[in-house]
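Before any comments, here is the structure.
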Number of protein chains: 2
Amino acid sequence: MKRTSLAGDSCPVARALDVFGDWWSLLIIRDASLGRRRFGEFQASLGLAKNILATRLRTLVERGILKTVPASDGSAYQEYVLTPKGHGIFPILVALRQWTEEFDEHPDEIATIMVDRDKGKPVKKLALYSQDGRVLGAADTTLKLRPARKTARRLATA
Amino acid sequence: MKRTSLAGDSCPVARALDVFGDWWSLLIIRDASLGRRRFGEFQASLGLAKNILATRLRTLVERGILKTVPASDGSAYQEYVLTPKGHGIFPILVALRQWTEEFDEHPDEIATIMVDRDKGKPVKKLALYSQDGRVLGAADTTLKLRPARKTARRLATA
DNA sequence: GGCATCAGGTTTAATATTGCAACCACACAA
DNA sequence: TTGTGTGGTTGCAATATTAAACCTGATGCC
């Protein structure tokens, strides 16, 4: 009766959720992307139990989202920073943020807006484009079976 | 010791996760966006326990992500379909999908690709743009305090 | 050095959630 | 009207979350 794992699922959405789809992981990643690095910083910011934080940090490191580095202040402690794989989660955070901005019932409770650092102006909404530059909504897309990879290149040229 | 609620959080990411950030909700929403509508369809597709599915569907309806409609086949049963608020989650699903496509260790296990319905070509990667059209990475953005809303318009003009 | 304190956890125990399976009610079909 | 499929609910065992106590090594201070 373990929580069912989605790791072997063929759906890429499920596979992502298997990695960081639990209640706290994405918030830890959000904090990391805001520059938080220390155990205590995460704990103070998120207010979650320390044992939960410890296990989450451990699995996020195992899964290549975070890595531990020596503390930047020269102390003997360690810090947790995002790997490239972890930084790749940024668009997901943006999408979540923009959904709340658009649909939340109490938008006045949202504390922050995302702006571009250069100009200080709000960023645009994420949009999905086709290869020829059209904006696509959900109804303009379909799923196709992934074409099989060229596994026999060596044979074909041999 | 209830699971801590994120509903009152001021972070829009946390607020979104409070609505559909649990283990199953996003997969139900994914299924709904693929056209699945019936309790049995969700259950067969996701393989989750029926009691869990029942409570998830109930809370997703409560929260305005899904709504129930009379069955499209004329039977007395009901179906679950996405509301506009639910359809708004589409970019999040795309972002999750694209993260897996880019970073998963076993991309060969991904079954499908998203294509635009018209041309059948893979969609482009979601990108974040500034208002003047530059592509922004995480490092090119900052959070600013949301400016207070103009609450006193009536007074000001009175 | 010696002592107090802090950072970063682990352990323990209570509570909540999940998962499974059995059961149930209604709709529909023959 | 008997059977079957759909859409649940209920009960129980297993697991996960939580809070709080505890622990250990690092750091700060005199």
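Just so it is clear: chains get the letters A, B, ... in the order the sequence lines come, proteins before strands, and each one is counted from 1. Values below: every heavy atom of this structure, side chains too, minus hydrogens, waters and symmetry copies.
B/Ile110 approaches B/Glu101 most closely through the heavy-atom pair CD1-CA, 4.0 Å. Residues B/Arg134 and A/Asp116 share a closest heavy-atom pair of NH2-OD1, 2.9 Å. The two residues A/Ile28 and A/Leu57 have their closest heavy-atom pair at CG2-CD2, 4.0 Å. In terms of heavy atoms, B/Phe39 sits closest to B/Lys50 at CZ-O, 3.7 Å.
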Return the polar atom pairs (N/O with N/O) between nucleotides 28-30 of chain C and the protein under 3.5 Å, or none.
from   : atom 1 : to      : atom 2 : distance (Å)
C/dC28 : OP1    : B/Ala76 : N      : 2.5

Using a cut-off of under 3.5 Å, enumerate the N/O to N/O pairs linking the protein to nucleotides 2-4 of chain C.
none

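If you take CG of B/Leu53 and C1' of D/dT9, they are 13 Å apart, rounded to a whole angstrom. Atom-to-atom, CG of A/Leu57 to C1' of C/dT10 comes out at 14 Å; the value is rounded to the nearest Å. C/dT10 atom C1' lies 10 Å from atom CZ of A/Phe39, rounded to whole Å. Going from atom CG of B/Asn51 over to atom C1' of C/dA21 covers 10 Å, rounded to whole Å. Taking atom CD1 of A/Ile52 as the reference point, atom C1' of C/dT11 lies 13 Å away to the nearest angstrom. Following rounding to the nearest Å, B/Glu79 (CD) and D/dG7 (P) show an atom-to-atom distance of 8 Å. Atom pair A/Asp73:CG and D/dA26:P shows a separation of 14 Å (rounding to whole Å applied). The interatomic distance linking B/Leu46 (CG) with C/dC20 (P) rounds to 13 Å, in whole Å.
A/Arg146 has no carboxylate O lying under 4.0 Å from a charged side-chain N of B/Asp108, or vice versa, which leaves the two without a salt bridge. Ion pair B/Arg38/B/Asp73 flagged as a salt bridge, since at least one NZ, NE, NH1 or NH2 atom sits closer than 4.0 Å to an Asp/Glu carboxylate oxygen. Between B/Arg15 and A/Glu105 no salt bridge is recorded (no basic side-chain N to carboxylate O distance below 4.0 Å).
In this structure, A/Asp22 and B/Ala54 both approach DNA chain D, and ranking their closest nucleotides by distance from the 5' end singles out B/Ala54. Along DNA chain D, the nucleotide nearest B/Gln78 and the nucleotide nearest A/Lys50 are compared for position; the residue whose nucleotide lies closer to the 5' end is B/Gln78.
Contact annotation: B/Arg56 reaches the phosphate of C/dT18 (side-chain N/O to OP1 or OP2, under 4.0 Å). Checking the phosphate oxygens (OP1, OP2) of C/dG8, a side-chain nitrogen or oxygen of A/Arg38 falls inside 4.0 Å. The phosphate of C/dG9 has neither OP1 nor OP2 within less than 4.0 Å of any side-chain N or O from A/Arg58. Contact annotation: A/Trp24 side-chain N/O to D/dT18 OP1/OP2 distance is under 4.0 Å. Regarding contacts with the backbone of D/dT18, a side-chain N or O of B/Thr4 is found under 4.0 angstrom from either OP1 or OP2.
In this model, no donor atom of one side chain and acceptor atom of the other lie less than 3.5 Å apart for B/Thr68 and B/Glu79. Using modelled atom types, one finds a donor on one side chain and an acceptor on the other under 3.5 Å when comparing A/Ser45 with A/Arg36.
Counting non-hydrogen atoms under 4.0 angstrom, A/Phe42 reaches nothing in the nucleic acid.
Closest approach to the B/Ala49 side chain among C/dC20, C/dT18, D/dG8 is made by C/dC20 (side chain taken as heavy atoms from C-beta onward).
No continuous path of hydrophobic side-chain contacts links B/Val123 to B/Ile89 [ILVMFWY only; heavy atoms under 4.5 Å].
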